[in-house]
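Here's the structure, in structure tokens; my notes come after.
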Amino acid sequence: MGYFKEFFSGIYNLLLGLKTTAKYLPERAVTLQYPKEKWPMPERSRGIVVLLSDPDTGELNCTACLLCQKACPVAAITITQAKNETTNKRYPKTFEVNNTICCFCGLCEEACNFDAIKLTGLYEFATFDKESLIFQKEKLQELGRNVKYEKKRKSVAKKPAAKSETTETKPQSAAPSDPPKGEEA
Amino acid sequence: MLELTGIIQWVGGIVTSISNSLGLPQIIIDIILILLIAVAIFAFLMLMALYLIWMERKVSGHIQDRLGPMMTGWHGWAQTIADALKLLQKEDIIVANADRKVHYWAPIVVFTACFAVYAVIPFGKGMLAADVNIGILYILSITTFTTLSLLMAGWASNNKYALLGGMRSASQIISYEVPLTLSILGVVMMAGTLSMGKFVELQGPYIWKWYVWPQFIGFCIYLIASTAELNRTPFDLPEAEQELVAGFNIEYSGMKFAMFFLAEFLNMFTVGAVTTTLFLGGWNPPLPALAFIPSWVWFLGKSLFIVFVIMWFKWTYPRLRVDHLLSFAWKVLLPISFINIILTAIGITIF
Amino acid sequence: MTDVTKNIQLSEEEFLLNMGPQHPSTHGVLRLVLKLRGEFIEDLTPHVGYLHRSIEKIAENRTYAQFMPFTDRIDYCASMPCNLAWALAVEKLAGIEVPPRAQYLRVLMTELNRIASHLIYLGVMSLDLGAFTPFLYTFREREWILDLFEMTCGQRLTYNYMRIGGVSRDLPPEFYQSCKNFTKVFLKKVDEYEALFTYNPIFLTRTKDIGILPIAVGLEYGASGPTIRGSGHNWDLRKVEPYSSYEKFDFNVPLGTKGDVWDRYMVRVQEMRESCKIINQALDGLPEGEIKAKVPGVFKPPAGEVISRIEAPRGEMGYYLVSDGSTKPYRVKIRTASYGNLQVLRYLSRGWKIADLVAIFGSLDVVLPEVDR
Amino acid sequence: MNKEQIENKITQKFGSAIEIQKTKNPEPFIYVSIEKYIEVCEFLKTDPDMCFEYLFQLGGVHYPDDRFEIALTLSSHKHKHELVLKVKLPHDNPKAPTATTVWEAANWYEREAMELFGIQFEGHPDPRPLLLYDDWNYGYPMRKGWTGPDFIPMPDKTKGGDD
């Protein structure tokens, strides 16, 4: 009797499998036809690194404080500091991101107190030579020109380390000329 | 009106009249006609194989919630042609210490064998290349050549995976040949003939005269055993991608690999065609009222449905292990097919 | 007529088969040298190290926070537990109290990742057994989880989500609903996988009574996780020594009975259901508050040595961390689950066929970067 | 058994061979002299009160002044306690008896320590290299201060180039 029970349960389960696969046959595909269709990248998506500019003045937010450079675990960022003689403000003379070794961890973005550097959802940067993957300041600024970003809260003294990354951050009028606070020199 | 019989006779008539006017002897005319038929079938089969590969991709894609090839043409219809062109350009690699002659002949044997089967397949009304009176026996013996070629490929490749695959294929195909033949025996007993054309005639014109109803067990056994003969999942042990990488054809590249690949799909269509002829009424429509659809459409539709079912199996089931595979053949399929034969014999005697 | 067979010496000889490093069923780059007699495996030697990236050496040259992205790369199928174990080790060393919300978020993410990892197991196991379709079904559901991760931390594979003292970001507003939907739909999908597998006669013949692992042998070789739970050994670090507030969650530890391939499969399938339960509880009981404890910018933990152990999807994973009081760890020894589980393979596969070896190896769910590190 | 009980029991049994390392972390860290190493291991595994049947990990550590130690993390699934056992190795030629006779799991861990730290495990059944490639002859990479052909030290990025 056991033999027949096994036999028929086997047939039943085989048919169950066929039913499962047949169920999906007429269904719409879940895949995307990649070059034609593209997935909308989420807000927090960590793609290529860009430098953000102030939307009003069009200048870089970066003050060359080197925090991102220190935070980078693979040493992909290289900054040369310089000082503007007239306004007495520091700015990055060169800002180089080596995308061949960048691991897109986002630690630089977290380290930055000035909304200067951000990882964006851009990802299509395949090239045939490694040289063109080392982005200079101008390219990074160009890429970050239209990137929308939420201003981080500037009161670093109140919360020294916690990056209060709440989703509904009120847009604050934080001028980029604010003096750097809470920065370990 | 859409029947191709008229066209075939018309072409045949033209060839005959031209040859007669040239004063060629009868034997030459026959040879020309046979060659023409062979070329026509060959062209059809090549198209069929390309289409089947595309169909497999589409079926698997849709079963797996994706679309399959989409880039080349409408829903990627030209994908297989592109692949074939790529394979044609590839270098033909023969590994060192391989048995070069056997390595060379193996794909040719399998391809020739699967092509030769179509001499006796009735594609439609009046579309049978050679109505030999032992048609089904011919098919059974010709398809066995596959074993030989797989064994040749496995042996000649000088590769351990290929050798294991070849050995597996030999034991597997020889084992499954037995229930396969016995399952056909039921139909043969009912029909009292071995001719493929007769089978079709006997199953017309109503759906309830098809042999699939009295011979349902035989039909199931035939489908299972022929899936095993085809080396397709769940019986694809000679290839067994996860164990033997690609089994017997691991060392084949370029056009030789393509020949194995095409032969696999052609064999699949062969199984569909034979199943249609034996069990599903061949080119007969289910009811005489549906005869306005040409017979070859019915034939192709039924065959492709069987092919689809085999594909459906492939994309649903895991693979058997080699000892289970053989014990399944000898311990399950063989007794059931004997029972089927006995039941058929009793049935024939009573009715 | 003379007997021709008399003059032919029929002899058997073992033959060596080199399986891998590039082989479809070695899950990455593992090389197995098999000693075969026919199709039977007489002996087997695993060769690992093709993915050795010396993460332990890298750790000695990075600060504690900088090492977090590297822990993602230890086990790419389940990065969150690797992150978590590292965070736990450093927090234990420095005595940092993690806020309850962060603890819940960690549990939530780890359990989601456990499901994702088990889905890979299920898919790859089915692929090993020759069924292609379930692989894509499981990856379809895994994509959903990865979308949830991407929504939260921005990456699909290398999450880098945990921080020393908490997590990097809070949940986005749309996460709750999407995750709830996922758990609801996912339970139905698990039934579907089971319809394709659990009592499928072909699957049963391939997995039942194959590769039986006795508990004592498993412990001796250092097997852990579902591999040893499949044998019926009730040992789950989430229950035994709860970390990250696992003691507040209500879940069962599924156990097998015999320890064969099928039991290990069944344990994982049921673990996915249990993880769903935990995820629902974590979502509903998510406490308000901070997501990260206060950690100084230049982080210098005291000198000392700690062990952190967690229950990763593949078993026990942990770090042995030696600190000399500087900003960089002095020595990090990474203990991964696959390391122990792979060592059992030799014991399990002797006497079985090549096809069984594939099934057994698939059931151990070894991820090679975890072994090589 | 809690930390103190384990420590007391081992100290009673082996006396001078045992040295308790006082740390604030809950696990007992115990140093054992190299002569008694295997004996202690066997005791830990077989004693019904200890029952450390599970070797969690075994790893070498290179301390300053070229001092090598191996650290074993043991856990008992029966009594649900754990222990870190450490062995100080001889200075000039780090060498230890193999623990594979006690736990099979030690096999690969010891092979790894052998090739990465240069610690010799005497009597190891299979002392081939495990992780590094076959013709590796650049020394023992996990030792402090090791440099090899492919070793790129982390560049010092704490200062930016000033203009």
Side-chain angles (χ1 to χ4, degrees), chain A residues 6-21 23-25 27 29-32 39-47 67 70-75 102-111 113 118-121 123 156 159-168 182-184, chain C residues 58 61-63 65-70 72-73 99 131 133-134 136-137 139-140 143-144 147 150-156 158-160 163-166 168-175 191-205 290-299:
Chain A
E6 203 180 307
F7 184 81
F8 286 112
S9 110
I11 289 178
Y12 169 75
N13 281 294
L14 285 176
L15 294 177
L16 199 65
L18 284 179
K19 189 191 133 204
T20 310
T21 42
K23 203 182 97 188
Y24 285 106
L25 190 59
E27 256 182 42
V30 294
T31 49
L32 286 181
W39 195 258
M41 300 303 277
E43 170 64 33
R44 294 177 180 182
S45 165
R46 301 204 308 253
L67 276 180
K70 276 181 246 172
C72 184
V74 288
C102 177
C103 67
F104 305 106
C105 61
L107 289 179
C108 50
E109 186 186 339
E110 271 174 49
N113 290 326
K118 192 180 187 311
L119 277 80
T120 56
Y123 52 91
V156 201
K159 278 185 188 169
K163 304 287 173 291
S164 55
E165 194 70 31
T166 44
T167 42
E168 54 278 312
E183 173 198 341
E184 315 100 19
Chain C
I58 291 173
N61 294 304
R62 300 291 188 280
T63 63
Q66 276 181 346
F67 185 55
M68 193 61 85
F70 290 95
D72 291 331
R73 273 83 176 169
T133 303
L136 284 135
Y137 289 172
F139 269 59
R140 180 186 62 202
E143 280 298 297
W144 196 338
D147 286 344
E150 196 182 19
M151 200 190 274
T152 313
C153 59
Q155 281 282 26
R156 302 173 76 80
T158 52
Y159 311 117
N160 188 21
R163 291 288 178 275
I164 294 155
S168 67
R169 289 178 174 205
D170 209 336
L171 298 179
E174 65 271 26
F175 185 90
D191 294 339
E192 239 166 55
Y193 308 146
E194 288 219 69
L196 281 170
F197 278 135
T198 310
Y199 296 107
N200 183 315
I202 301 174
F203 185 72
L204 283 178
T205 53
E290 287 288 314
I291 55 157
K292 194 162 179 278
K294 289 188 171 66
V295 176
V298 178
F299 178 66

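To find a chain, count down the sequence lines: A is the first, B the second, and so on, and within it residues start at 1.
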Which one wins on heavy-atom pair count under 4.5 Å against chain A: C:R62, C:R156, C:Q66, C:M151?
C:Q66

Using non-hydrogen atoms only, which part of C:D72 is less than 4.5 Å away from chain A: side chain, backbone, both, or neither?
neither

Go through C:R73 and A:C103 one step at a time and tell me if the side-chain contact (heavy atoms from CB on, under 4.5 Å) criterion holds.
CA-CA 11 Å; C:R73 273 83 176 169; A:C103 67; 3.4 Å; yes

Please assess A:L119 against A:C108 for the test side-chain contact (heavy atoms from CB on, under 4.5 Å), listing each intermediate value before the final yes or no.
CA-CA 9 Å; A:L119 277 80; A:C108 50; 3.9 Å; yes

Is A:F104 close to chain C through its backbone or its side chain, or both, or neither, when contacts mean heavy atoms under 4.5 Å?
both

Note: A:E110-C:R163 ion pair, threshold 4.0 Å (strictly below)
yes

When you check the gap from the basic side-chain N to the acidic O, do C:R169 and A:E43 get nearer than 4.0 Å?
no

What's the shortest heavy-atom distance between A:M41 and A:G121, and which atoms?
CG-O, 3.4 Å

A:L25 CG to A:T21 OG1 distance, which is reported to the nearest 0.5 Å:
8.0 Å

Honestly, the part of A:K23 sitting under 4.5 Å from a heavy atom of chain C is side chain

Pick from C:I202, C:D147, C:L204: which one has the most heavy-atom pairs with chain A under 4.5 Å?
C:D147

Looking only at A:G17, A:C105, A:S9, the option with the highest number of non-hydrogen pairs under 4.5 Å against chain C is A:C105

Applying a strict 4.5 Å limit to non-hydrogen atoms, the region of C:T152 in contact with chain A is both

Of all heavy-atom pairs between C:P134 and C:L196, which one has the smallest distance, and what is that distance?
CG-CD1, 3.9 Å

Within a strict 4.5 Å, meaning less than it, do heavy atoms of the C:N160 and A:R46 side chains meet?
yes

Is it the side chain or the backbone of C:F70 that comes within 4.5 Å of chain A heavy atoms, both, or neither?
side chain

Under a 4.5 Å heavy-atom cut-off, does chain A meet the side chain of C:Y137, its backbone, both or neither?
side chain

Do you know which of C:E143, C:M68, C:E192 has the most heavy-atom pairs with chain A at a distance under 4.5 angstrom?
C:E192

So which part of C:A195 gets closer than 4.5 Å to some heavy atom of chain A, the side chain, the backbone, both or neither?
both

